[in-house]
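Quantities reported herein were computed from a predicted structural model and do not represent experimental measurements. Each chain gets a letter, A, B and so on, in the order its sequence line appears, and its residues count up from 1.
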Amino acid sequence: MFFGRALLQDGRPLLMLIESCKTLRQAYQIHAQTVVNGLHIHLYPLSKIFSLFALFGCSESLDHSRLILSRTDVPNVFMWNTMIRAHSRQELHGKAVLLYPSMIAQARALPNHFTFTFVFSSCARLPTPVPGFQIYGHVIKRGLESDTIVMNAFIHFCCGFGDLHSAQKVFEESPVRDLISFNTMISGLAQGRKPHAALSLFTVMTRSGLMPDHFTFVALSSACSGLNNYRLAKQIHNLVYMYFGFVDCGRSAHLVGSVMDMYLKCGEMEMAEKVFNTLQNVKSSAALSCMVSGYARAGKVELARQIFDQVDEKDTVLWTAIISGYSQAGQYTEALSLYKEMEASGIKPDKITMVAVLSACAGLGAITFGQRVYNQCLKKRLYGQDVILITAIVDMYAKCGKIHAALEIFHGVPNYQRTTHLFNAVISGLAQHGHGKIAVLVFEEMEVAKVSPDEITFTGLLYACSHSGLVEEGRSLFKSMSQMHGINPQMKHYCCMVDLFGRNGNLDEAYKFIQAMPFEANSVIWRSFLSSCKLYGDVEMGRIASTKLLEMEPDHGARYVLLSNILASTKHWEEAGKVRKVMEERGIQKPSGWSHIELLDGTIHQFPASNYKLHPQKEEIASKLGEINGRLRAAGYAPSTVNVVFDVDEEEKEMIVSYHSERLALAFGLLNSGPGEVLRIMKNLRICSDCHLVFKLLSRAYEREIIMRDTTRFHHFKNGLCSCKDFW
DNA sequence: TTAGGGTTAG
C-alpha cells in the first residue's frame with residue numbers, strides 16, 4: 001500500500017486532510033478516523049498524524065504527540081526530529097535537548113543532519129553550552145563534521161555563547177562553506193563585537209566569488225553599528241546600492257531597518273531620519289523601535305515619545321524602547337507609569353521590558369514596585385535564564401536599600417552565570433551601603449571565579465574603600481589595577497583616591513596625589529578635595545581648591561555653595577557673603593533639593609526643600625514638624641547651623657535647617673505610617689550633617705528605622721545610630 | 001541564517 005495516497009473510509013485522502021487541518025478538534029477527529037481505519041499501525045500515516053499534533057503549537061497538542069510517541073514501538077527518525085523541533089518551537093529547549101539521549105537510547109533510527117540542526121538550535125538557547133559541545137562529539141562520531149548544514153548550526157550555536165574561537169575553528173576547517181556559513185559567521189562576529197573581523201570576512205567572502213545577500217548586509221551593518229564611524233556606515237550603505245540597487249523598502253524592510261539602525265548607533269541622526277523617511281508607509285515595527293531608542297539615546301526623549309504615540313499597534317519591543325528611553329533619561333516616574341499603561345493595554349512584557357522597568361525602580365528607589373516586578377518575573381518564569389535580568393534585580397534591591405536581598409540573590413547565581421556586570425552591581429551596591437570589607441571579599445571571589453574586573457569594578461571598589469575608611473586596601477587595589485589587571489587608572493579612579501585620602505583626614509597626601517597625577521585634575525576631583533577640606537575645617541587648603549574650581553567652572557552653582565559653606569562654617573561671614581554676591585551677579589542658582597518617601601502601599605510622595613505649603617496635608621505636616629522640634633529639644637539637641645550659608649540670626653538659621661526636604665518627607669512619613677514601620681527616604685543631594693544628627697535622634701525618639709539614600713550612599717538610622725558611622 | 005528594545009559606574 002502506498003500510504004501517501006491513503007484514503008479514509010469515506011474516500012477522503014488523509015494527507016490532504018492533514019494539510020488543511022485548522023483546529024485541534026479537527027486534528028483529534030482525523031486521528032480517531034485513522035484509528036478506525038487501522039491506518040495508525042503503519043508508520044508513515046502515523047508519523048504524519050504525529051507531526052500534525054507536535055507542530056500544532058500549543059501545550060495540549062504537544063502532550064498528545066508525546067502520547068503517540070510513547071505508544072509507538074519503533075519511532076522513526078522523522079518522528080524524533082519532529083518532536084525535537086516541536087519542543088524547540090515552544091521554547092522548551094531543555095526538553096528538546098533531552099530528547100536526543102532518549103532517541104539514542106531507544107531508537108534504532110540513527111540521527112541525521114536534521115536531528116543535529118534542531119538540537120543545536122535548542123542548545124544555543126540553554127543557559128550552559130555544555131550539552132551542545134557534548135552533542136558535537138556525537139556529530140564527529142557519526143562522521144557528520146563535514147556536513148555543511150550541521151556545521152552551520154554548530155557555528156551558530158558557538159556564536160550564541162560568544163565562543164568565537166570554536167566557531168572560527170570549525171568555520172575554517174569546514175571543507176565546504178556556503179553563503180549561510182559566511183552569513184552566520186559574520187553575524188556571530190557582529191554579536192561578539194568584532195566588527196573588523198566581520199568586515200574582513202566579508203572581503204574574503206566576496207573574493208571567493210560568493211554573492212552576498214540581504215542577510216549578509218544585515219549582519220554587516222549590525223557589526224559596524226558600534227564603531228561610530230560615519231564614513232564606514234556610508235560605504236556599507238553604498239555597497240547595498242551597488243548590489244541591490246534601490247532596495248524595495250517593502251520587501252527589504254529588514255535590510256533598510258538595519259542600515260537605519262547603523263546610522264542611529266553612529267549618532268548620524270540626519271541620515272537615519274532620511275532612511276526612515278524612505279520607508280514611508282511600510283515602517284516596520286522594528287524600524288519604529290529603532291527610531292524610538294535612537295532618539296532616546298540621543299537625549300531626545302520627546303521626539304521618541306512623538307513617534308511612539310503615533311503608532312497604533314504597539315508591540316512589546318516598542319513599549320520596552322520607550323520605557324527604557326525614559327529610564328535612561330532619568331525620568332523614572334514616567335517610565336513606571338508607561339509600564340502600567342502597557343500592562344493595562346494587554347501587551348505582555350518580556351525579560352527585556354522587565355530589565356528596563358527594574359532599572360527605573362532602582363533609579364527611583366521604589367522598592368514596592370520593584371518587588372512586584374521581581375515577583376512577576378518569577379511567576380512568568382523569566383527569572384534565571386537571563387544574566388542581565390538577574391543583574392537588574394540585584395541592582396534594584398541594592399539601590400532600594402535592601403542590600404541583603406541583593407546578596408541573597410547573588411549568592412544563588414551559579415558560577416557560569418556570574419559576569420563582570422553582575423559582580424560590579426554587587427560591589428557597587430555594597431559600596432553604597434558602606435560595606436567596604438564585604439565588597440573587597442566579593443572582589444576576591446571574583447578573582448577566584450576568574451571573572452575579569454574592569455574599570456567599573458575598580459570604581460566600585462575604591463569608592464567602597466573610601467566610604468569605609470579602608471585606606472591601605474584602597475591604596476593596594478589602586479596599585480594592582482595597572483600592575484596585575486592591565487587597567488590604566490582613569491580620572492574617576494584618581495577621584496576615588498583623592499576622596500579616600502581626604503575623607504580620612506590625609507589632606508596633605510590627597511593634595512600631593514593630585515599634583516602627582518599624570519593628567520590635569522578635573523573639577524570633580526577638586527570638589528571632592530574641597531568637601532574633605534570642609535569636613536576637616538581646613539580653610540587654607542579649601543581656598544586653593546575653591547579657586548581652582550571657580551576657574552574651571554564659573555557657572556556651577558554647587559561650587560559657590562560649597563565655598564560659601566566652608567567660609568560660613570568657620571565664621572568667615574564677610575567672605576561668604578562676597579561669594580554669594582558673585583553668585584547673584586552671575587545669575588547662578590543653588591541646585592534645589594528634593595526628597596521623596598515611599599509608603600508601604602508603594603505610593604511615592606515628593607517634597608521640595610522648604611515647601612510643603614501646597615501639600616494637602618500641610619497643616620498636619622506643620623504640626624508634626626513642631627512636635628519633632630519639641631522631641632529634639634527634649635533630647636538635648638541644638639541645631640547645627642554650619643550648613644546654613646549666611647550670617648542670619650540663630651533662630652532663622654534653625655528654621656531654614658528644619659525645612660530641609662528630608663525633614664518634610666520624614667514628618668510626612670511619620671504621619672502616614674504605622675508604629676514600627678520602616679521609613680524609606682531618597683534625596684537628590686547629599687544629606688547635611690545637621691539632618692544626619694536629627695535623623696539619628698529621631699530614630700530613637702520614635703523607635704523607627706529610617707533608610708535614607710542620598711547622592712553618595714545609604715544611611716540606615718536605627719536606635720540613635722547610623723550605619724555610616726558618621727562617615728560619608 | 002534575518003533586523004528592533006536591556007544590566008553595572010560616571
> I'd like to know if A/Thr320 reaches the base of B/dG5 with its side chain such that a donor and an acceptor end up less than 3.5 angstrom apart.
yes
> Mind calculating the distance between CD1 (A/Ile487) and P (B/dA9) to the nearest angstrom?
16 Å
> Measure from the ring center of A/His237 to the ring center of A/Tyr263 and say whether it is less than 6.0 Å.
yes
> Just call it for A/Asp454: base, sugar-phosphate, or nothing, with non-hydrogen atoms closer than 4.0 Å on any strand.
nothing
> Do the side-chain N or O atoms of A/Gln432 get closer than 4.0 angstrom to the phosphate oxygens (OP1, OP2) of B/dA9?
no
> Within this structure, what is the NE2-to-C1' distance between A/His421 and B/dG6, rounded to whole angstrom?
10 Å
> Mark yes when over 12 heavy atoms from residues, nucleotides or ligands other than A/Arg372 sit less than 6.0 Å from its CZ; otherwise mark no.
yes
> Taking any heavy-atom pair under 4.0 Å as a contact, classify A/Ser187: base, sugar-phosphate, or nothing.
nothing
> A/Leu210 has an atom CG; how far is it from atom P of B/dT1, in whole Å?
18 Å
> Whole angstroms only, please: what is the OH-C1' distance between A/Tyr494 and B/dG10?
17 Å
> What's A/Leu422 touching, base or sugar-phosphate or nothing? Going by heavy atoms closer than 4.0 Å.
nothing
> Confirm from the modelled atom types if A/Ser285 and B/dG4 form a donor-acceptor pair under 3.5 Å, side chain to base only.
yes
> Could you tell me how far apart A/Phe308 (CZ) and B/dG5 (C1') are, to the nearest whole angstrom?
12 Å
> Going by atom types alone, do A/Thr316 and A/Asp350 pair a side-chain donor with an acceptor below 3.5 Å?
no
> Can you measure A/Phe458 atom CZ to B/dT8 atom C1' for me and round it to whole angstrom units?
15 Å
> Just N and O in the side chain of A/Lys314: are any of them under 4.0 Å from OP1 or OP2 of B/dG4?
no
> Measure from CG on A/Leu461 to P on B/dT8 and round the result to the nearest Å.
17 Å
> A/Asn152 near the nucleic acid: base, sugar-phosphate alone, or nothing, with a heavy-atom cut-off under 4.0 Å?
nothing
> Between B/dA9 atom P and A/Lys492 atom NZ, what is the distance in whole Å?
11 Å
> Does A/Gln328 make a side-chain N or O approach to OP1 or OP2 of B/dG6 shorter than 4.0 Å?
yes
> Taking all non-hydrogen atoms of both residues, which atom of A/Met185 and which atom of A/Cys159 are closest, and how far apart?
CE-SG, 4.4 Å
> Any side-chain heavy-atom pair from A/Tyr326 and A/Tyr332 closer than 4.5 angstrom?
no
> Classify the nucleic acid contact of A/Asn183 as base, sugar-phosphate or nothing, counting any heavy atom under 4.0 Å across all strands shown.
base
> Please tell me if A/Lys399 has a side-chain N or O lying less than 4.0 Å from either OP1 or OP2 of B/dT7.
no
> Would you say A/Ser428 reaches B/dT8's phosphate, i.e. side-chain N/O to OP1/OP2 under 4.0 Å?
no
